[in-house]
Structure formats: structure tokens, C-alpha cells
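One structure is given here, and the rest of the page talks about it.
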Amino acid sequence: MYRAPRGTSDILPQEQAYWRYIDKKIVDLCQLYGYERIDAPAFEDTGLFLRTVGEETDIVEKQMYTFKDRGGNKLTLRPEGTAPVCRAYLEHGLHNLPQPVKLYYIASIFRYERPQAGRYRQHYQFGYEAIGDDDPALDAEVIDMAWQFFLSLNLHHLSLQLNSTGCKKCRPRYLTELKDYYSDHTQELCSDCRARLKRNPLRLLDCKKPSCQQLANSAPKSIDYLCPQCDEHFNRLKRYLSLLDLPFAVNPRLVRGLDYYTRTVFEVQPEAEGAQSALGGGGRYDDLIEELGGKPTPALGFAAGIERIILNLKQQGVPIPPLPQPQVFIAYIGDQARDGAVKLASALRRAGIGVSEAISGKSLKAQLRQANSLGARYTVIIGEQEVTNNTVILRDMTTAQQKTIPLPQLERELQ
RNA sequence: GUGAGUGUCGCCUAGCGGUCUAAGGCGCCAGGUUGUGGCCCUGGAGAACGAGGGUUCAAAUCCCUCCACUCACCCCA
């Protein structure tokens, strides 16, 4: 028997209410904030991700689904959503539109990892990008939108963490400080962190080992090394966030896993302890578009994992509205009535009334059972007698009341 | 890549060396008189117990290997 590949899953009808619920919130939210939808292909030239995500990141080093097509092109299933959007922005000359350009997506994301709770090889992300403006007011809007998104989903007990990692002018100086600090403490570091020190020192800050955390707590903070421009940007952002009453907490150890982030980074996490805690995160990437061959173009964005949202919705017991079902079930007895049932079902549907029916001849009892388990509001029953009289029995399933009415009247009764 | 746990009908679970060609609940199907649901009752279909090998007179029950799943680490959404 075939099974879904490791780390992938089927989203069965019983789960769809969650997905539709979230979809709806996303569409409403984006409309509210003026974001338009974009759908990029599921795979891109491998180089796009190598270039933007960072060669030293785990994503590039071990998590990409990369393959060659028959023409010999090296392609990669998208491991994140931002780079494709930026590629599309450049490819279609969206810099000619009024800036910032605001785009959102809901897309499958592929990463080769060992699956566990809230982590899959194929998962879905909702993300949005605001490209073409460096004003901290835009950062505030992006963060506000993320926060409002989770509120609108009815998720509670979340925290909003904020940090600034500086720009390419001031970050090198900070990194030097950081390395200097850690170099004096190499013996106290875990083996992983010793490797990080050489390759990606920022990552030292979010090691979970207690001993490393202690070191990280007293490590130099990026916000203390910001250049005047970055510092002002960060201060204005914090002011805007306070203005908007967003409950953010500055976390000097907040670091993100992709190399392209500059200045603002933020993350939304559940307060409850747990493993894959990040529900969503984002930040600024002011150099990314230029890196891809465009003019220097400041931008920022956010992305959230849908599966993780659903996990939290379930944990918090958030009620989800059920998906609508057909209101009418048609039951019939005998072959003659069957013709009428087939015709009637189609007629009602053409009139915009949802209909389910028993396709093959079961007993009336079985058909009513089916109507009941489908949750039909009404059952229409057609037997031989009804066929001859051109009538129909209309049964209200909640009250168990039924009446015989002329067939031509049925549509009006149901509307 | 590393570590731990689990693997019995579609789902949940019992069985832990012989009474198991495997039991129960949910779900599914059919009946409970003639054309009527949700409750109740009765019956039925459905698993050779993840796969392979071994130990034993005897294995779902013990051992080994493999596979799969789950959780955690790394990292991230």
C-alpha cells in the first residue's frame, strides 16, 4: 500500500473547517491592510535560494529539495516564501507601481527535515511582503497586521518579541564584539555552539542549552551597537508600536534563521512552553532586492505556519464554525420515483439549493438515516403515490413534521 | 544527522507464551412486518496481530534485523 511520503499529510474533509476558517481570516485581513494576492511557482532556480537565504543556513545546507529537470536546470522546491515574491517583483517590474507594493501568499513550503509536532516536509505558510519603503511606520503596520491576524483567529496567550539586528554598516562591528566575547568563553560552550562561533555567530544567542543561555544573557546585544540610522529606526518603530498598543517585548536574543534579515526582526510565540514555538515571524530585508539584481529597495515581511496555527487552535479549544452542508436530502422509493428524484435534484441545484441524495436504491429507512447523518435540514420523499399525484413529501428533520405539497411548490417552500 | 518511544479491523482499545484460526467500543451495512431518521435491540462485514528471520512442542505475546509512525534535539513556520 502506498502512503503519503514522510512528513507530508492529507488534509481530510474533517480537517477542512480549520483551513477554510484560516483562509477566510487571511483574505479579510489582507483586504483590510491593502495587500494583494500573489502566487509564485512551487519551484524556482536553485540559485535564487542560495543567493538570498544564505549559504551557511540550515535551509540551504541540508533542507532543500533540489533536483535537475530534463533540460538540466537545477531547481528547488521553495523552502520559504519571500525570495520568490521578490523575484516576481523584479521580473514583472513591480517597482513601477506606487511603493510600497504589498503582496500576500498562501503557499506550500518544502523542507527536508525530520518531521515532528508542528514540523513537516511539506507545510503551508501564509505570508506577506511590503516592498519599497523603509519607514518604520511600515514596520509597525506589518507587525500590527501579524498581531491582528492572530487575534482575529481567536488565539490567545501569545507573545510578540522584537529585536533589531542592524544593517550591513553596523552589523559587522557587532559581530566582531560578539565573537570577541564568546572567544573568551569557548570552554563553556557546547560543541554545537563552538561550530556556530565560526560560521554564524548570531545563532549562538538562541542555543537552548542552559549553560549557553547564561552566556547569551550577558553577551553583547545588537541593539547596543546600532548605527545612528538603525537606532533611530528602531526607536521610532517602538514608539509606533506603543502608539498602536501592541504588547511587544524587546528580546535582544531574538535571531532569525535566514541571513537576509536586517534591522527589524520579530516573532509571535505561544506563551505555553513547547517545542516548535514560533507561530510566525518576520522582519526587514533591505538588501535582498538589490542582491537579486534590483535597485536598492527596502522591504519587510512576515510569514506564519498554518499547521502550527491549527495545532494551537486545537490546544486552546477555539471553536471553529462548521462548513456548510447541503440543506436538502432527496429520498425515493421505486424506479419510477427515481427518475423524478434525479430530475428534482438537478432542478433544485440549478435554483441554488444544495442537495444530497441516495444514489442507489436503499430502503427508505436507510435513506433517512443517511439524511440524518449528513445533517440535512429537510428531506424530500418521493414514492409511487407522489409520482402519480405530482406531489412530494417535505419532511423537516429537526421537528419531524412533514407535509405533502405539489411538486411545483417545493422550490418556493425551500427558499 | 542524533536520541527516546510506539506499531493488533477505517478509528480507539483489550489480550503480554497455550483457552486467539484474536475480544470490545465507535463507525459502516442490514433487519426490528407492509413507504420514514436521530434513542434502543438484533445480526453482519471488517485485522492471520508493521515486515522478515529466530527461540519454543506451542508466539499477537520472548529475541534479532529492517520498515513505518510519534516525540525530542539540531533548526525553523
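Within every chain, numbering begins at 1; the chains are lettered A, B, ... in the order of the sequence lines, protein sequences first and strands thereafter.
- Within residues 23-55 of chain A, no residue has any heavy atom closer than 4.0 Å to RNA chain B.
- Under a cutoff of 6.0 Å and an axis angle of 45°, A:Lys314 and A:Tyr18 form a cation-pi pair.
- Within the nucleic acid shown, A:Ile59 has no heavy atom closer than 4.0 Å to any nucleic acid atom.
- Residues A:Ala299 and A:Asp286 approach most closely at N-OD1, 3.2 Å, considering heavy atoms.
- Figure legend: A:Arg121 and A:Tyr112 shown as a cation-pi pair, the cationic atom lying under 6.0 angstrom from the six-membered ring centre and within 45 degrees of its axis.
- Considering A:Glu36, A:Glu141, A:Glu129 as possible partners of A:Lys102, the one that fulfils the side chain to side chain donor-acceptor pair (under 3.5 Å) test is A:Glu141.
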Under 3.5 Å, N/O pairs linking protein and nucleotides 9-11 of chain B:
none

Heteroatom pairs (N/O) under 3.5 angstrom, protein to nucleotides 66-69 of chain B:
{"unit_1": "B:A68", "atom_1": "O2'", "unit_2": "A:Arg3", "atom_2": "NH1", "d": "2.8"}
{"unit_1": "B:C69", "atom_1": "OP2", "unit_2": "A:Arg6", "atom_2": "NE", "d": "2.9"}
{"unit_1": "B:C69", "atom_1": "OP2", "unit_2": "A:Arg6", "atom_2": "NH2", "d": "3.4"}

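- Listed by first residue number, the stems of RNA chain B with at least three Watson-Crick or G-U pairs below 3.5 Å are B:1-7 with B:67-73, B:10-13 with B:23-26, B:28-32 with B:40-44, B:50-54 with B:62-66.
- As judged by a 4.0 angstrom heavy-atom cut-off over every strand, A:Glu386 is placed among the base-contacting residues.
- The aromatic ring centres of A:Tyr33 and A:Tyr104 sit 6.0 Å or more apart.
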Q. Base, backbone or nothing for each nucleotide of nucleotides 37-52 of chain B, written B, S, -, heavy atoms under 4.0 angstrom, 5' to 3'?
A. BB--------------
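- Applying the ring-ring contact (aromatic ring centres under 6.0 Å, His included) rule to pairs touching residues 168-200 of chain A yields A:Tyr174-A:Tyr225, A:Tyr181-A:His185, sequence neighbours excluded.
- Between the side chain of A:Tyr128 and the main chain of A:Val142, a donor-acceptor pair closer than 3.5 Å is present.
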